[in-house]
Amino acid sequence: MILLGVNIDHCATVRQARYRDAATQAGGAIEPDPVTLAVLAERAGADGITVHLREDRRHIQERDVWRLRETIATRLNLEMACTPAMTALALKLKPDSVCLVPENRAEVTTEGGLDVAGQRARVAAVVDAMNAAGIVTSLFIDPDAPQLETAAAVGAPWVELHTGAYANAYFTPHRATELARLRTGCDRGQALGLVVNAGHGINYVNIAEVRTLPHLHELNIGHSIVSRALFTGIEEAVREMKARMNA
Ligand SMILES: CC(=O)[C@@H](O)[C@H](O)COP(=O)(O)O
Ligand SMILES: NCC(=O)COP(=O)(O)O
């Protein structure tokens, strides 16, 4: 069975919608509360909760991650940039796992995978710190051989394959090529002894193909689940995705 990590970032996007900068953000936007959403998602069968604490705090705030740590019953997966500040925060927070992701303030969303091969020493230092603290590290990478091989070489136990290129290509002639690229990545990750997760842009339509990828441990899905929850409620949105993942 493939596990489901529910990313609740975009509940916080709605909450922050009226706050343009850190000064007003601190003014106490309180609803919709991401922690409440996380608890309801768990009640509906979420196997874990994922949040991306971005440096620009466009959605999830630091106070959210501390409240999640105290409240949720499943697993807390903290997505973070490879920075000293985020490493220090994670070592204090002690999430069940961290997922190292690329970040830049100009991006609309996470546009590509972390270039592990191009910054091996920087990534290895964070992985070593997390390994020493007993925190599982996942690397959010494109499904390509140099990234997968470097992920294994730096001692990361998990990878999360970026499914965004496939999701964006779904209605184009490139869809089959991107799915094949992911399939090859899953096989290579398994062969390298890595736990293989996947995420970004997975929805209630493309899940029918994503679920056929081999060796999948967990899918991290957020935007489509939160979007559907606006109409059906989070519990039904989570139940429906779990049913489709494992149909
Ligand atoms: C790393 C990843 O794919 C998700 O966490 C994604 O970043 C969702 O958050 P954003 O929409 O802010 O990128
Ligand atoms: N790492 C992917 C994730 O957590 C959720 O991405 P999305 O479903 O919001 O695109």
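Remember, it's 1-based here, ligands and their atoms both numbered in the order they're listed. The analysis underlying the following values was restricted to heavy atoms, covering all of them including side chains, and did not include hydrogens, waters or symmetry mates.
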Task: side-chain contact (heavy atoms from CB on, under 4.5 Å) between Cys186 and Leu216, intermediate numbers included - done: CA-CA 7 Å; Cys186 289; Leu216 284 179; 4.1 Å; yes
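- His200 CA, 3.6 Å is the protein heavy atom nearest to atom 6 (O) of ligand 2.
- Remark: ligand 2 atoms within the under-4.0 Å shell around heavy atoms of Thr50 are 4 (O).
- Scanning the protein for heavy atoms near atom 4 (O) of ligand 2, the closest one is Asn7 ND2, 2.8 Å.
- For ligand 1, the atoms lying closer than 4.0 Å to a non-hydrogen atom of His52 are 5 (O), 7 (O).
- Residue contact check for ligand 2: His162 places no non-hydrogen atom closer than 4.0 Å to it.
- In Glu79, the part holding a heavy atom less than 4.0 Å from any atom of ligand 2 is the side chain.
- With ligand atoms numbered from 1 in the order given, ligand 1 contributes 4 (C), 5 (O) to contacts under 4.0 Å with heavy atoms of Asn7.
- For His223, the heavy-atom gap to ligand 1 stays at 4.0 angstrom or more.
- Near His59, with a cut-off below 4.0 Å to any heavy atom, the atoms of ligand 1 are 9 (O), 10 (P), 12 (O).
- Here the shortest heavy-atom pairing between Gly112 and Asp142 reads C-OD1, 4.1 Å.
- Of all atoms in ligand 2, numbered sequentially from 1 with element shown, those under 4.0 Å from a heavy atom of Ile221 are 8 (O).
- Of the protein's non-hydrogen atoms, the one nearest atom 8 (O) of ligand 2 is Gly222 N, 2.8 Å.
- The pair Glu236-Arg228 does not count as a salt bridge, with every side-chain nitrogen at least 4.0 angstrom from each carboxylate oxygen.
- Here NE2 of His162 is found 14.5 Å from CG of Asn197. Values are rounded to the nearest 0.5 Å.
- At a threshold of 4.0 Å, the pair Glu178-Arg181 counts as salt-bridged, since one of the basic side-chain nitrogens sits closer than that to a carboxylate oxygen.
- Using a 4.0 Å cut-off between charged nitrogen and carboxylate oxygen, Arg54 and Asp9 do not count as a salt-bridge pair.
- At least one heavy atom of His10 sits under 4.0 Å from some atom of ligand 1.
- Annotation for ligand 1: atoms under 4.0 Å from non-hydrogen atoms of Thr109 are 10 (P), 11 (O), 13 (O).
- Distances from atom 6 (C) of ligand 1 to the heavy atoms of Asn220, Asp56, Leu100, Thr110 show the closest one on Thr110.
- Using a 4.0 Å cut-off between heavy atoms, Asp9 contacts ligand 1 through its side chain alone, with no backbone atom that close.
- Thr50 contributes atom OG1, which lies 11.0 Å from atom CG of Leu219 (distance to the nearest 0.5 angstrom).
- Shown in contact with His223 at under 4.0 Å from a heavy atom are these atoms of ligand 2, numbered in order with element: 7 (P), 8 (O), 9 (O).
- Among protein heavy atoms, atom 2 (C) of ligand 2 sits closest to Glu160 OE2, 3.3 Å.
- Under a 4.0 Å criterion applied to the non-hydrogen atoms of Gly201, ligand 2 contributes the atoms 7 (P), 8 (O), 10 (O).
- If you look at Glu107 next to ligand 1, there are no close heavy atoms at all, none under 4.0 Å.
- Under a 4.0 Å heavy-atom criterion, Ser224 is not in contact with ligand 2.
- Taking every heavy atom of Phe140 and a limit of under 4.0 angstrom, the matching atoms of ligand 2 come to 1 (N).
- Near Arg54, meaning under 4.0 Å from any of its heavy atoms, are these atoms of ligand 1: 10 (P), 12 (O), 13 (O).
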